[in-house]
2 protein chains.
Amino acid sequence: MKAAKPPKVTIRDVATASGVHVSTVSRALDPARRQRISKEVLALVEETARRLGYQPNRAASALRTGRTHTIGVLLPDITNPVFPPILQGIEAAAAARGYFVFVANVGDPQLAQPILARMKAQQIDGLVMAIALREDPLIDFVRDSGMHAVMVNRADESGRLPAAVSDDRLAMKLAVDHLVALGHRRIAHLAGPQTVPTGVGRRQGVEQALRDHRLPAPRIVECDSYSREAGQQAMRVLLESSGKRPEAVVCCNDLVALGAYDVLRAAGLRIPRDISITGHNDMPLVDMVDPPLTTIRLPHRELGWQAAEMLFQAIEGQALLASTVVLRPELVVRASTAAPAAA
Amino acid sequence: MKAAKPPKVTIRDVATASGVHVSTVSRALDPARRQRISKEVLALVEETARRLGYQPNRAASALRTGRTHTIGVLLPDITNPVFPPILQGIEAAAAARGYFVFVANVGDPQLAQPILARMKAQQIDGLVMAIALREDPLIDFVRDSGMHAVMVNRADESGRLPAAVSDDRLAMKLAVDHLVALGHRRIAHLAGPQTVPTGVGRRQGVEQALRDHRLPAPRIVECDSYSREAGQQAMRVLLESSGKRPEAVVCCNDLVALGAYDVLRAAGLRIPRDISITGHNDMPLVDMVDPPLTTIRLPHRELGWQAAEMLFQAIEGQALLASTVVLRPELVVRASTAAPAAA
DNA sequence: GTGAAAGCGCTAACAG
DNA sequence: CTGTTAGCGCTTTCAC
């Protein structure tokens, strides 16, 4: 039992009600060119539009102009806490420009292409991609489809698409510098999957930072994924490997660091007394774990905002100011790092 | 420098290429009525459509039919970890039916109405609302606008809109039963804001469960919001109030419980030795805090899925199977609860 | 089972 | 500055 359905009021109704032609109404209601309308008519039209409760029909305008004021966002997993703030940033930028955002979770990479096809059918004006592996053919597919697109969080190394990313190398340098300043020398790295740009970038960041300090190259164990389980497994491998135990471990992200926590605790080692640990992302609640995690905070929301802004620039035909925006991460020192026990 | 823009292929192109009329193509490509087309023509049309790379233009079909295959979702804050799984559920249900989802963060309740107006302009087919206070006029606004809408996570007590919710009373009963079984008698409750349905429901759940055990009514402190800060403040009030210290505290959600942790730790009290704590939501990482939090797990993803399914039923004109779907929460016992130290 | 024709609501030339 | 006209791509009567 719905209430009386509100009678759809169109631009035509507004036109007849205010005694002008539809095209005049169309112009009056478009901010971009209401200036070409006389003050009186403008006021009249706006008034009657409000009075009648006129709501423009975007579907009609989309059909005519080919622009829907809609963008798509492809995420691997909205449940992963790095993505909500990114999405929030995108959404905020979109709202500020009068755009809406379609979100699609692309759990299985296989689904990306069909989802993209459906988004094209919906006539999206542009696309923000937070997925894409290294050398992903999807990027070519997107470019060839002639769609405006940008990447966020994961850079496109080949530069085929604009991107907004955090500086992975700097992030790892911040972690290493901190550990070195505390007096650590034997530093290991639990690296992210080397199939993904961030995995590579962070590993290189650790390596470079250690070189800069003229310290030996880190022992590196690669994780299968950015998960706690993968972190556990990698930490186990690290502990079981020969040689002296590292004094500190730089982890590719917080979940992996927490996986390392699990294994170290099970092995009877204390953090940070026996070993220091750093993460990356500053996920919610990592300040509540035991011990609170020293990590790298990323400007996730800002990343989303910037990516969306770049996209809108492209959509609106302006020259892009930059093809890659790199934002600065920040070190957050907590209790999982300390000077080594024995000098 | 874009690649050559792909020439838009329309239904008309498919028609001429296959030597039939556009309306035939239209029918052939619509699953609902391709049956009225002869096998040969059907095959021919499908083949040429594929060959030309035809993509239907949803904007055109939307203009004609008034259906966009698009729904809107209003969230208070996607950054709050309860919402991503809900959104994921909604999105999955939508994708399964060929719909897309507009997400809007409604940080300030004042923004809800303008956002809604814009969504209407976009011709959304329906709306999932995860916002709405008790007695929220927004609900009337939505109903009066003649839009299909459902609520998720927060119920509409007045029954004006269908809803998918978790059973708040049962959730609190599970927590109380657990604490009573451990031997606790003096149980307090840090309640959620009583302006919000969940805040009221959970409080009533605690009260009822204690009555069921013939135990005294709980001491109750109301939190300003579902945040850690509010939890700290409420716990401080509880500790400073007169009377014997409670043996256990049932918190309205995990963040509030973690706020309680902060204050108890600062006061030199140990959990669970001196006091037991329970949460609600089973947020990511609450199993990693010190001590791991006993809490209530909600079927968030399922909630989103069910809400979306109800919405689609309404959109597609079927009678709703239920006006409120209530799903079962589940107790997750960890280390923040234990028998009281002294019997 | 298929074709013809009209039109959803809006915008973009082109006149005046 | 405003009106006229045409049509975006699709669905849907209504004929045949």
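By convention in this document, chain letters (A, B, ...) are assigned in the order of the sequence lines, proteins followed by strands, and residues within each chain are numbered from 1.
Counted within 6.0 Å of CD on A:Gln35, heavy atoms from surrounding residues, nucleotides or ligands total more than 12; the atom is thus considered enclosed. By the 6.0 Å contact criterion, CZ on A:Arg36 is open, its count of non-hydrogen atoms from other residues, nucleotides or ligands being 12 or less.
For the 3.5 Å distance criterion, the side chains of A:Glu302 and A:Gln306 qualify, holding a donor opposite an acceptor.
For the residue pair B:Ile11 and B:Tyr54, the shortest heavy atom distance occurs at N-CE1, 3.4 Å.
Nearest to the side-chain atoms of B:Thr24 among the listed nucleotides C:dG3, C:dG7, D:dA6 stands C:dG3. If you check C:dG3, C:dG7, C:dC10 against the side chain of A:Ile11, the one that comes closest is C:dC10. Taking the side chain of B:His21 as heavy atoms from C-beta on, and the options C:dG9, C:dG3, D:dC10, the nearest nucleotide is C:dG3.
Both B:Arg12 and A:Val20 lie near DNA chain D, and the one whose nearest nucleotide falls closer to the 5' end is A:Val20. Along DNA chain C, the nucleotide closest to B:Val22 and the one closest to A:Thr10 are compared, and the more 5′ of them pairs with B:Val22.
Within residues 30-39 of chain B, no residue has any heavy atom under 4.0 Å from DNA chain D.
A salt bridge links A:Arg33 with A:Asp30; the closest basic N to acidic carboxylate O contact falls under 4.0 Å.
Atom CG in B:Leu29 sits about 14 Å away from atom P in D:dT12, given to the nearest Å. Distance B:Leu63 CG to C:dA6 C1': 13 Å, rounded to the nearest Å. Computed from coordinates, the B:Glu40 CD to C:dT2 C1' distance equals 13 Å when rounded to whole Å. The interatomic distance linking B:Arg64 (CZ) with D:dT11 (C1') rounds to 5 Å, in whole Å. Nucleotide C:dT2 holds its C1' atom 13 Å from the CG atom of B:Leu44, rounded to whole Å. Atom CG of B:Asn57 and atom P of C:dC8 are 18 Å apart (whole Å).
At the phosphate of C:dT11, OP1 or OP2 sits under 4.0 Å from a side-chain N or O atom of A:Ser26. At the phosphate of D:dG3, neither OP1 nor OP2 sits under 4.0 Å from any side-chain N or O atom of A:Ser23.
No option in B:Arg97, B:Arg67, B:Arg58 other than B:Arg67 meets the salt bridge (charged side-chain N to carboxylate O under 4.0 Å, His left out) test with B:Asp125.
For C:dG3, its base sits under 3.5 Å from the side chain of B:Arg27 at one donor and acceptor pair at least.
No contact: A:Arg58 has no heavy atom under 4.0 Å from any strand.
Distance alone, capped at 3.5 Å, is enough to place a donor-acceptor pair between the B:Gln55 side chain and the A:Ala117 backbone.
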